[in-house]
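These numbers come from the heavy atoms of this one structure, side chains and all, not from hydrogens, waters or symmetry mates. Chain identifiers are assigned alphabetically (A, B, ...) following the order of the sequence lines, protein sequences preceding nucleic acid strands; residue numbering begins at 1 within each chain.
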Number of protein chains: 2
Amino acid sequence: MSLSHAILGLLQYQPMSGYDIKQFIDKSVNYFWSAKQSQIYRELAGLEKRRWVVSALEKQSGRPAKRMYSPTGAGRTEFLRWLHEFPAALVEPVRDEFLVHLFFGNGLPVEETLFHLERYKKEAQARLDYFTALAAKLKNGEAGGDCAGERVYWLLTLAKGIKMAEASVQWADESMAVLNAIKREPPKKGVKG
Amino acid sequence: MSLSHAILGLLQYQPMSGYDIKQFIDKSVNYFWSAKQSQIYRELAGLEKRRWVVSALEKQSGRPAKRMYSPTGAGRTEFLRWLHEFPAALVEPVRDEFLVHLFFGNGLPVEETLFHLERYKKEAQARLDYFTALAAKLKNGEAGGDCAGERVYWLLTLAKGIKMAEASVQWADESMAVLNAIKREPPKKGVKG
DNA sequence: ACATACATGTAAGTTGTTACATGATTAA
DNA sequence: TTAATCATGTAACAACTTACATGTATGT
């Protein structure tokens, strides 16, 4: 339900093609929302079936034609209905494969885990840098186009991404420190020794 | 792939039933991993089909019998193979419906958004309290049973949950402050006014 | 010559959710 | 007597991923 309505919401701002939507998602709301190209096309087809959007082919010179989608009246109504309907549980269940591996880290050499924690930190740092730069642009009005009222809310969601990325970097550092300490001073096993 | 191998990993510690696994997940690794009861049963059936686990009915007095699952030799091998195989992208895609609503918050009355941010904060705070208490127990050896080597890694994953929950509470506070400021001083629209 | 960006989609498979179905015991 | 805990599962549906299929234009 969320993906189709999120797409419907984006189309309130301006008509877009499936490809445009994918670009927009990857470059802006990527912290809290992602989707594969194929899924976007499928959701758009579903939205059109329910008459919440209509599409029209737009020819381009030297490029494939774009199928541009726009919301209908019913689509706008449906979006507003959905918007008021917040989920009952606001903190979503997480499923993090990296943490599953770490949880079972006792079955791995410490060096291997440290290597992947370092990788993790770099990824988190890259996200942090990206979101920080994007937030600066949004504040200066260099991004987000003509949307004035929206900017505040976009910044709030970006702030969440920044907070999470900052916490992730810190956590990776602290975790590496813990494991490095173990490496130097292996833990005692049982009562012997 | 992750869920089946995570279950396989849990069974390395001790034989468990589907119900036991559900209890364990909900009460300990809930920060980074969750699953519905029905899915757990399906994954267990799949693991048994692949001969990575075997099951046996265990009768109980006054209670329904339990189907206890244990890993086979092939299961232990497969688990270790998987454990070394970390995902290429360590920071997982997030899909957060609450943030999708907030992103489109300009379409809602500020009071409504503030109400849900307050709810969000309470939920995050409850998680923070729970994880903090669990970490304290783990450190004292009151939880986690006979697993000595595992405890370090369990604490690392819990630390992540704590970090995230802390950041979430802070973010909710800061976001409410921003929206309260807007409520007192509504934003100027365009050049008129 | 090869990769990337542009652009759309289908098919198949995996994973996750919701609803259904059953039934005993225990605590409020 | 009502709800919760214990305990297992199936069926249907919804959501998501991966692989496939096609083709142009541009940059290296």
Does [X] reach a base, just sugar-phosphate, or nothing at all? Heavy atoms under 4.0 Å.
{"X": "A45(B)", "value": "nothing"}
{"X": "A65(B)", "value": "sugar-phosphate"}
{"X": "S38(A)", "value": "base"}

Answer yes or no: does a side-chain N or O of [X] lie under 4.0 Å from OP1 or OP2 of [N]?
{"X": "Y19(B)", "N": "dC6(D)", "answer": "yes"}
{"X": "K36(A)", "N": "dT18(D)", "answer": "yes"}
{"X": "Q39(A)", "N": "dT17(D)", "answer": "yes"}
{"X": "Y41(B)", "N": "dT8(D)", "answer": "yes"}

- Task: Indicate yes or no: does E85(A) engage R81(A) in a salt bridge with an N to O separation below 4.0 Å.
- Result: yes

- Message: We want to know whether R95(A) and S2(B) form a side-chain donor-acceptor pair, criterion being a heavy-atom distance below 3.5 angstrom.
- Response: no

- Any side-chain donor near an acceptor of the partner, D20(B) and S17(B), under 3.5 Å: yes

- Message: Under 6.0 Å from the ring centre and within 45 degrees of the ring axis: does the NZ or CZ of K163(B) meet both conditions for the six-membered ring of W171(A)?
- Response: no

Between atom [atom1] in [X] and atom [atom2] in [N], what is the gap in whole Å?
{"X": "K66(B)", "N": "dT5(D)", "atom1": "NZ", "atom2": "P", "answer": "16 Å"}
{"X": "M68(B)", "N": "dA7(D)", "atom1": "CE", "atom2": "C1'", "answer": "12 Å"}
{"X": "L57(A)", "N": "dC6(C)", "atom1": "CG", "atom2": "P", "answer": "19 Å"}

- Side chain R42(A) and base dT8(C) donor-acceptor under 3.5 Å: no

- Message: Nearest to the R95(A) side chain among dT8(D), dG16(C), dT8(C), which nucleotide is it?
- Response: dG16(C)

